[in-house]
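Beneath this line is the structure, given in structure tokens, with notes to follow.
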Protein chains: 2
Amino acid sequence: MATKRAQKMEETRAKLIRAAREAFASKGYAAASMDELTAEAGLTRGALYHNFGGKQGLMQAVVDQIDQEMVERMLVAQARAASRWEGLLEEGVAYIEMALEPEVQRIMLLDGPAVLGDPSQWPNQNACLLRTTQTIQALIDEGTVKPVDAEAAARLINGAALNAALWIAAADEPHAVLPKAVEAFRQLATGLLQTEG
Amino acid sequence: MATKRAQKMEETRAKLIRAAREAFASKGYAAASMDELTAEAGLTRGALYHNFGGKQGLMQAVVDQIDQEMVERMLVAQARAASRWEGLLEEGVAYIEMALEPEVQRIMLLDGPAVLGDPSQWPNQNACLLRTTQTIQALIDEGTVKPVDAEAAARLINGAALNAALWIAAADEPHAVLPKAVEAFRQLATGLLQTEG
DNA sequence: TCAATACACATACGCTGCGTATGCGAAATT
DNA sequence: AATTTCGCATACGCAGCGTATGTGTATTGA
């Protein structure tokens, strides 16, 4: 069996990550105090340094966890779609919608890149991006999409969705501009479609 | 005439901004020490707080300056193009190329949003984005582009270009993937074109 | 031109917050 | 049961930011 120590440690890690998500999301990475954060979790900075090596390591763990959750939601969105092409679009829309959540916005879109560097270089391999790349490659293979570089297209699509999300989130009435963003996104994406000869 | 004091003050501001650009670009915002930075400019933190109110204010000034330079380069790129539509594409390509510069990448794309919040909310109004929006609106008016929301389209286009740039900059051989990104960008953009009926 | 004032910037201080070194107690090993 | 391991708390030192205060030079008014 897993030792009691290992169990306890996992619990500690979970508590710290939970508190960190809350703190990073509400105050931002820079303004979040490790002392406060750990106290919130009923621990001290000692636990933090032992488990994550430091503030940045904790951020890394938080980002990985959220990234994981986002991938899962993208999978669900894609699975719901009628065709693979619609699946790609649904993935993008799901991405946009997720970025409406302050937590995702602040941690993944604003602070994450500044603290950990370009997302595509994250250890997690940026699962979201990888998924999109695979989907596009499949669409190219089946002739639905023009033979462009799949990774390039994936990054552009994701980037477009990302900025759409930031725009929406910063808008006075997010839910009013969301449809406009989604519509523009769908239109833009058609540029990748194979022009039937 | 402008008083000597005002002249001197402008000079001081310029020196601080120059030193800040260098420091922020090379070390990143968080790791840049105000003491070192100001000493580099032959000044102290006193001057900084008097002129910019703090570290964040200095960042703001730096961002504004770079943003201004980017707009100018985008204007040049657009002016070179044969048509307005090609002008939009050239703007995007110029944007991608600019983001190859470490200074732009680090300050504008990574740290900027984390420190100052979403770019579209910057006081400068994000001149780059405003330009793109206007261009797209003109293209819609002349019937070249589908009647989508101009601002939404602009954000998507800019976002796509931005991420393409980040991808390129992080690549092993940036200049090898640049053409792939540009090609994908041009293809994607065609999605906005009016489908001739 | 000379006093008085304003003001740009330097100096000095305190506080917060990170990272590290050390200590302790409970689980694990023998 | 004795010993070792190790997860976490405690204690310390230091860097860096923001503010309050000082100082010298440019500006104003007569």
Q) Rounding to a whole Å, what distance do you find between Tyr29(A):OH and dG17(C):P? A) 14 Å
Q) Could you give the CE-to-C1' distance, from Met34(A) to dG17(C), as a whole number of Å? A) 10 Å
Q. To the nearest Å, how far apart are Glu36(B) CD and dG16(D) P?
A. 6 Å
(Q) Counting the atoms with a prime plus P, OP1 and OP2 as sugar-phosphate, which does Ala32(B) contact under 4.0 Å by heavy atoms, base, sugar-phosphate, or nothing? (A) sugar-phosphate
Q | Rounded distance (Å) that lies between atom P of dC8(D) and atom CD of Glu11(A) | A | 10 Å
Q. Quick one: what's the B/S/- string for nucleotides 7-16 of chain C, heavy-atom cutoff under 4.0 Å, read 5' to 3'?
A. BBBBB-----
Q.
Assess whether a salt bridge exists between Glu69(A) and Arg21(A), defined as any Lys/Arg side-chain N lying under 4.0 Å from an Asp/Glu carboxylate O.
A. yes
Q | Check ion pair Glu103(A)-Arg18(A) (N to O, under 4.0 angstrom) | A | no
(Q) Taking the basic N atoms (NZ, or NE/NH1/NH2) and the acidic carboxylate oxygens, is any pair closer than 4.0 Å for Asp118(A) and Arg155(A)? (A) yes
Q) Which ones in residues 19-28 of chain A lie close to DNA chain D, meaning a heavy atom under 4.0 Å from one of its atoms? A) none
Q. So, the side chain of Asp67(B) versus the backbone of Val63(B): is there a donor-acceptor pair under 3.5 Å, distance only?
A. no
Q | Atom-pair distance (NZ on Lys55(A); P on dT20(C)), nearest Å | A | 15 Å
Q | N-O pairing of Glu86(B) and Arg186(B) below 4.0 Å | A | yes
Q) Is any NZ, NE, NH1 or NH2 atom of the basic residue among Lys27(B) and Glu36(B) found under 4.0 Å from an Asp or Glu carboxylate oxygen of the other? A) yes
Q) Between dC8(D) atom P and Glu10(A) atom CD, what is the distance in whole Å? A) 10 Å
Q | Heavy-atom closest contact (Asp111(B) atom, Gly28(B) atom, distance) | A | OD2-CA, 3.4 Å
Q. Is Glu183(A) salt-bridged to Lys180(A), cutoff N-O under 4.0 Å?
A. no
